[in-house]
Amino acid sequence: MGVAATTDLYGGENWGACVSTSTINPSNGTRSYSRTGYLDPLPDHGNYDVLANAHVTRILFDPSSPSDNLTASSVEYTPDGGATLKTIKVSKEVILAAGSVGSPTVLMHSGVGPSDVLSEASVQLVSELPAVGQHLQDHFVSHWMGTIEHMLTQTERYFDL
Amino acid sequence: MYGSSIPAMQSSILSQIDQYAPSTTYDPGVIGGYKAICNTTASSIFPSPIGLIELLFMNSDGNGDIGITAALQHPLSQGRIYINSSDPMAYPVIDPNYLSNPAGMHPETQLNSIIKLTTSRCRNPHRRHEARPHS
């Protein structure tokens, strides 16, 4: 087709043609995702806890820290879809990794974001950061699918189905 | 695939940067950020070997369908995420602002014709019936 093949699709120069990886565990054909790929093989030394089904609602900041250098004091979450709210105290740091949709949402509900959005949403402004939620780029995609007629499997060939 | 038309696309994007800066923010820093992204995309990325389009060829799924997807890698349209409620369980608003930059419309609207181009080169006689987008 005129496009040169690349040897390392996930390395530094990722242009060219290649067979991409799938999220399938090659040893047993099961679905591979973050839990099976990273957590399950680890021995449990008791140094981490995973809270499943916990929906983070806000990050709460220490009110005595200055607004241009806020310090997170706890993370608020709900284990039951919003009926109850619980908090976890932060002793070291919070890493917010909720994706392109989730991270700005959590920040804005925590009062960090553009002042016009927060006042419209009736969220108290904690720290004005107008770029939160901005520069969203989506891969614009066009898709074509075709059915193939007469796709013979091995079985069909042998038994002339 | 775009070859010689890159410099023309590049100059039209760069000359229209100010015109198509988004109106979704009050902050000049964010508008400056939009222009910086647009500038880098047009000046550094478009002429480089990096692909502008990602073509994904999908082997048959459970139905025996094959597929081709053309995905734009460096869209010039930028949208935003914001909230319109203080209820953290409410969905945020996603505004992708598609096709807001006409200079970027050239690759975006060409996606379908790119797919036709690649499928026409398939010599496989078993490929018959287009299931999506038309069926």
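Every chain is numbered from 1 and lettered A, B, ... according to where its sequence line falls, protein lines coming before strand lines. Owing to the predicted nature of the structure, the values given are computational and were not obtained by experimental measurement.
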>> Heavy-atom pairs under 4.5 Å with chain A: which of B/Gly29, B/Ser85, B/Gly33 has the most?
In response: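 Highest number of heavy-atom pairs under 4.5 Å: B/Ser85.
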
>> Could you measure the distance from the CD atom of A/Glu128 to the CG atom of B/Asp27? Nearest 0.5 Å is fine.
In response: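 Answer rounded to 0.5 Å: 7.5 Å.
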
> Counting a contact as any heavy-atom pair under 4.5 Å apart, which residues of residues 93-100 of chain A contact chain B?
Replying inline: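 If one takes a 4.5 Å heavy-atom cut-off, the residues of residues 93-100 of chain A near chain B are A/Ser100.
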
>> Would the distance check show the side chain of A/Ser73 and the main-chain N or O of A/Leu60 forming a donor-acceptor pair, the cut-off being under 3.5 Å?
In response: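 Yes, A/Ser73 side chain to A/Leu60 backbone: donor-acceptor pair under 3.5 Å.
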
> For A/Leu118, is it the side chain, the backbone, both, or neither that has a heavy atom closer than 4.5 Å to a heavy atom of chain B?
Replying inline: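 Contact with chain B is through the side chain of A/Leu118 alone.
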
>> What part of A/His55 gets within 4.5 angstrom of chain B, counting heavy atoms only: side chain, backbone, both, or neither?
In response: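 It is the side chain, since no backbone atom gets that close.
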
>> Please rank A/Gln137, A/Glu120, A/Met108, A/His135 by heavy-atom pairs under 4.5 Å with chain B and give me the top one.
In response: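 The residue among A/Gln137, A/Glu120, A/Met108, A/His135 with the greatest pair count is A/His135.
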
>> Taking every non-hydrogen pair under 4.5 Å, which of A/Pro114, A/Pro104, A/Ala131, A/Ser122 racks up the most with chain B?
In response: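 Looking at each option in turn, the highest pair count goes to A/Pro114.
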
> Measuring heavy-atom distances to chain A, does B/Ile83 have an atom under 4.5 Å in its side chain, in its backbone, in both, or in neither?
Replying inline: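 For B/Ile83, heavy atoms of backbone and side chain both lie under 4.5 Å from chain A.
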
Taking C-beta and beyond as the side chain, do [X] and [Y] meet within less than 4.5 Å on heavy atoms?
| X | Y | value |
| --- | --- | --- |
| A/Leu51 | A/Ile88 | yes |
| B/Tyr91 | A/Val101 | no |
| A/Val117 | B/Arg80 | yes |

> Which residue pairs pass the side-chain hydrogen bond (donor to acceptor under 3.5 Å, both in side chains) test with at least one member in residues 74-83 of chain A, sequence neighbours excluded?
Replying inline: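 Listed by first then second residue: A/Thr57-A/Glu76, A/Arg58-A/Glu76, A/Thr78-A/Asp80, A/Asp80-A/Thr84.
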
>> Would you say that more than 12 heavy atoms from the other residues, nucleotides or ligands in this model lie under 6.0 Å from the OH of A/Tyr38, or not?
In response: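 Counting other residues, nucleotides and ligands, OH of A/Tyr38 stays at 12 neighbours or fewer.
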
> Which residues pass the side chain to side chain donor-acceptor pair (under 3.5 Å) test with A/Ser64, sequence neighbours left out?
Replying inline: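 Testing A/Ser64 for side chain to side chain donor-acceptor pair (under 3.5 Å), a comparison that skips the adjacent residues, returns A/Asp62.
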
> How would you list, by chain and number, every residue that makes a salt bridge (charged side-chain N to carboxylate O under 4.0 Å, His left out) with A/Arg35, sequence neighbours excluded?
Replying inline: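 With sequence neighbours excluded, A/Arg35 shows a salt bridge (charged side-chain N to carboxylate O under 4.0 Å, His left out) to A/Asp40, given in chain and number order.
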
